[in-house]
Amino acid sequence: MALLRLILNIIWLFVAGFWLAVGYVFAGIICCVLIVTIPFGIASFRMASYALWPFGREMVRKPEAGGGSTVLNVIWVIVAGWWLTLGHIATAIGLAITIIGIPMAWASLKMIPVALAPFGNEIVHSGQMREPWQF
């Protein structure tokens, strides 16, 4: 299973992961220019690491997340989350054209919750005990 994840991650890196991660890093740098948007920049950097190597990792709810993360997620969806979601859907459609691209398309669709709600959630390895993901 670990070998399959490694192979899928390497293929993903060359097919879509590198460019998605570059976009997230660029957005994070822009967000860190202003003091008020630094939390959004940090969230973009976290999403960039997930975009580079998605197989074998998933998003789960942080136990200490509260109302503040919900407010930040609402602002995030209005400002950036909806267009990131559209980007992931477009990438998934493009990747699903070939049979070998179907797992890559699934990985792109798996990143939609991360693009919509990066606050109050964390990305963990798939084998860890955890609470299920929540918006």
Side-chain angles (χ1 to χ4, degrees):
M1 193 67 164
L3 179 62
L4 179 63
R5 287 180 182 162
L6 177 66
I7 292 169
L8 288 172
N9 276 321
I10 290 171
I11 294 170
W12 170 261
L13 185 66
F14 289 108
V15 173
F18 177 75
W19 296 110
L20 285 171
V22 166
Y24 281 124
V25 167
F26 183 69
I29 290 170
I30 290 172
C31 288
C32 285
V33 170
L34 299 172
I35 302 296
V36 176
T37 56
I38 287 177
F40 296 104
I42 293 169
S44 291
F45 294 139
R46 272 196 327 251
M47 289 186 291
S49 78
Y50 188 49
L52 275 176
W53 212 254
F55 293 97
R57 300 192 305 170
E58 56 190 322
M59 188 169 78
V60 296
R61 184 78 174 158
K62 286 183 183 177
E64 68 274 2
S69 63
T70 303
V71 170
L72 288 174
N73 280 330
V74 168
I75 295 169
W76 177 263
V77 167
I78 293 169
V79 174
W82 66 272
W83 62 267
L84 288 171
T85 300
L86 291 176
H88 283 295
I89 291 171
T91 302
I93 290 170
L95 290 170
I97 292 173
T98 64
I99 292 174
I100 198 165
I102 291 173
M104 308 305 150
W106 182 251
S108 186
L109 293 175
K110 189 175 92 168
M111 287 187 213
I112 290 174
V114 178
L116 285 174
F119 298 101
N121 298 300
E122 63 184 338
I123 299 165
V124 298
H125 294 285
S126 295
Q128 292 181 353
M129 295 298 293
R130 68 216 170 265
E131 184 178 334
W133 181 84
Q134 298 174 4
F135 190 80

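What you see is a predicted model, and the numbers here were worked out from it, not measured in a lab.
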Between atom OG1 of Thr37 and atom CD1 of Ile75, what is the distance when rounded to the nearest 0.5 Å? 11.5 Å
Test of understanding: clusters of I, L, V, M, F, W, Y form through side-chain heavy atoms closer than 4.5 Å, transitively. Do Ile30 and Met47 belong to the same one? no
How are the rings of Trp76 and Phe40 set relative to one another: parallel (under 30°), tilted (30 to 60°) or perpendicular (over 60°)? parallel
Enclosure of Trp53 CH2 (heavy-atom neighbours >12, cutoff 6.0 Å): yes
Heavy-atom closest pair (Met111 atom, Pro54 atom, distance to 0.1 Å) is CE-CB, 3.6 Å
According to a 4.5 Å side-chain heavy-atom criterion applied to Ile, Leu, Val, Met, Phe, Trp and Tyr, with indirect links allowed, do Ile38 and Phe119 form part of one hydrophobic cluster? no
Consider only side-chain heavy atoms of I, L, V, M, F, W and Y, link residues closer than 4.5 Å, and tell whether Val114 and Phe26 are in one cluster. no
Could you report the tightest heavy-atom contact between Leu84 and Ala115, atom names first, then the distance? CB-CB, 3.8 Å
Donor-acceptor contact below 3.5 Å, side chain Trp82 vs main chain Ile78: yes
Which atom names give the shortest non-hydrogen contact between Pro113 and Leu109, and what distance separates them? CD-O, 3.9 Å
Between Ser108 and Thr91, the two heavy atoms sitting closest are OG-CB, 3.7 Å
Do Ile29 and Leu52 belong to the same hydrophobic cluster, where Ile, Leu, Val, Met, Phe, Trp and Tyr are linked whenever their side-chain heavy atoms lie under 4.5 Å apart, directly or via other members? no
Between Phe45 and Gly28, which heavy-atom pair has the shortest distance, and what is it? CZ-C, 3.6 Å
N/O donor to acceptor pairs below 3.5 angstrom from side-chain atoms of residues 3-25, sequence neighbours left out:
residue	atom	partner	partner atom	Å
Asn9	OD1	Phe55	N	2.9
Asn9	ND2	Arg5	O	3.1
Asn9	ND2	Phe55	O	3.1
Trp12	NE1	Ala51	O	2.6
Tyr24	OH	His88	NE2	2.6

What distance separates Ile97 CD1 from Ile102 CD1, expressed to the nearest 0.5 Å? 11.0 Å
Rounded to the nearest 0.5 Å, what's the gap from CD1 on Ile42 to SG on Cys31? Could you check? 10.5 Å
Can you tell if the side chain of Ile89 reaches within under 4.5 Å of the side chain of Ile112, non-hydrogen atoms only? yes
Tightest non-hydrogen contact, residues Pro118 and Ala43, listed as CB-CB, 3.9 Å
